[in-house]
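Have a look at the structure below before the remarks.
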Amino acid sequence: MSLYKLTPNGVETRLFDLRHTLESAQPLTFFSDYHERKGTLSYVADKRIIDTKFSGTADAGRFTIKGSALAAKKKDILHRFRLTDDMEDIYSRIITDQFMQDAVRNYRGMRLTINDPWETTLCYIVSQYNNVKKIRGTVLKIINRFGTEIIEGKKTARSFPTSEELADATERDFRECGAGFRAKYLKSAADFCTNNLNLYKLQNKGYAEIKESLMEIDGVGDKVADCIALLGYGKSEAFPIDVWVKRTLERVYFKGKDKKIKYLHKFAEHKWGNDMGYAQQYLFWQGRQMEKQNVRL
DNA sequence: ACCCAGGCGGGCG
DNA sequence: CGCCCGCATGGG
């Protein structure tokens, strides 16, 4: 069976769950127009509104797309939700134990997403020492203040402001959006990515080179660079370790003993190889949801 | 009230 | 190098 299928007005999917994918704290920004009940999702890509409805199951579903430029929109959906990935194949490699099996059972069809590199950079600078709800709020405020309005048919939306469009944004502006001490990083990142580092020229580079370039941005360290490599460039060999992933790894595999980030990186690389990015997403979400439900691991 | 959040840069030993 | 600290802010 094929991994996906293009139809005249949409895309048929296999092993894809839209809700888990959108809810699992990935960027973040097109949450604003997702209605789980109706299955509708609209988001902005390339200054166009992609207005869709998703129906069906995680095993066999379909996106139906409204409006014009269908070919480009289908292509965006395929890329953004990584529908060309062979999930059966990936699952066969990341289900290494009971915990991972449970994670995949609970969130079967959850995909990594690929987002605009600058958008991803900004989101994850905001993410440092922060929580998901507030990250989302801050990013949405930045979009509302600095994004350009887009109208397509009856729909209106705001595009994510480019680094150039943020040239006049001040540290104070970012603070007013709730960025706190990260405001100075956002200011300098917008400047740096406009004048010194073209994020879009990194798209065909390898993981190591991308990460090294990203870490030249003030406010982007090891973890944030991994997030951008994974969710902005689709580099599945990135393995961002945040507090949730660290805790979960330590509890599941090391009896709760404290381990260094570097050690955990090597552990993950050895265990999940080039699929470690996917393993990370399932670890992150399963660990976080279980802790929220107060389940002892 | 207190603690924590998809960490980072800087300073110190 | 590795370790430790402060950091804005809002929600539990």
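Note that this is a predicted model, so its numbers are computed, not measured.
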Task: Nearest-angstrom distance, C1' atom, B:dC8 to C:dG11 - done: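 Nearest-Å result for B:dC8 against C:dG11 at atom C1': 23 Å.
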Between [N] ([atom2]) and [X] ([atom1]): distance, integer Å:
{"X": "A:R288", "N": "B:dC4", "atom1": "CZ", "atom2": "P", "result": "16 Å"}
{"X": "A:L186", "N": "B:dC8", "atom1": "CG", "atom2": "P", "result": "14 Å"}
{"X": "A:K292", "N": "B:dC4", "atom1": "NZ", "atom2": "C1'", "result": "12 Å"}
{"X": "A:I135", "N": "B:dG7", "atom1": "CD1", "atom2": "C1'", "result": "11 Å"}
{"X": "A:E216", "N": "B:dC8", "atom1": "CD", "atom2": "P", "result": "16 Å"}
{"X": "A:L214", "N": "B:dG7", "atom1": "CG", "atom2": "P", "result": "17 Å"}

Taking atom types as modelled, is there a side-chain donor on [X] or [Y] under 3.5 Å from an acceptor on the other?
{"X": "A:Y278", "Y": "A:D85", "value": "yes"}
{"X": "A:S24", "Y": "A:Q281", "value": "yes"}
{"X": "A:N106", "Y": "A:Y282", "value": "no"}

Open item on the list: How would you summarise protein contacts on nucleotides 3-12 of chain C per nucleotide, using B for base, S for sugar-phosphate only and - for none, with heavy-atom distances below 4.0 Å?
Closed with: S---BBBB-S
Task: Along DNA chain B (nearest heavy atom to each residue), the more 5'-positioned of A:D218 and A:Q281 - done: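 The residue whose closest nucleotide sits nearer the 5' end is A:Q281.
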Task: DNA chain B: 5'-proximal contact among A:G219 and A:P240 (nearest heavy atom) - done: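 Checking each residue's closest nucleotide, the 5'-ward one belongs to A:P240.
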TODO: Following the transitive rule for hydrophobic clusters with a side-chain heavy-atom cut-off under 4.5 Å over Ile, Leu, Val, Met, Phe, Trp and Tyr, establish whether A:F239 and A:Y107 coincide in one cluster.
DONE: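 Both belong to a single hydrophobic cluster.
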TODO: Find the distance between OH (A:Y207) and OH (A:Y233) and round it off to the nearest 0.5 Å.
DONE: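 That separation rounds to 13.5 Å.
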- [ ] For the pair A:E36 and A:R19, evaluate salt bridge (Lys or Arg N to Asp or Glu O under 4.0 Å) and give the outcome as yes or no after the intermediate values.
- [x] CA-CA 7 Å; A:E36 188 196 333; A:R19 181 171 71 90; 3.5 Å; yes
TODO: Indicate, with a heavy-atom threshold strictly under 4.0 Å, whether A:T120 touches base, sugar-phosphate, or nothing.
DONE: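 If one applies the 4.0 Å heavy-atom cut-off, A:T120 turns out to touch nothing in the nucleic acid.
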Task: A:F63 and A:F16 aromatic centres sub-6.0 Å - done: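 Judged by ring-centre distance (under 6.0 Å), A:F63 and A:F16 do meet the cut-off.
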- [ ] Determine, for A:Y263 and A:K259, whether the Lys NZ or Arg CZ falls below 6.0 Å from the six-membered ring centre while staying within 45 degrees of the axis.
- [x]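 Judged by the rule (NZ or CZ under 6.0 Å from the ring centre, within 45° of its axis), A:K259 counts as positioned above A:Y263.
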Open item on the list: Wobble G-U and Watson-Crick pairs count when both distances are under 3.5 Å; given that, what is the 5' to 3' dot-bracket string of DNA chain B, with | for pairing to other strands?
Closed with: .||||.|||||||
Open item on the list: Using a strict threshold of under 4.0 Å (side-chain N to carboxylate O), is an ion pair present between A:R145 and A:E176?
Closed with: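 Between A:R145 and A:E176 there is a salt bridge, with a charged N closer than 4.0 Å to a carboxylate O.
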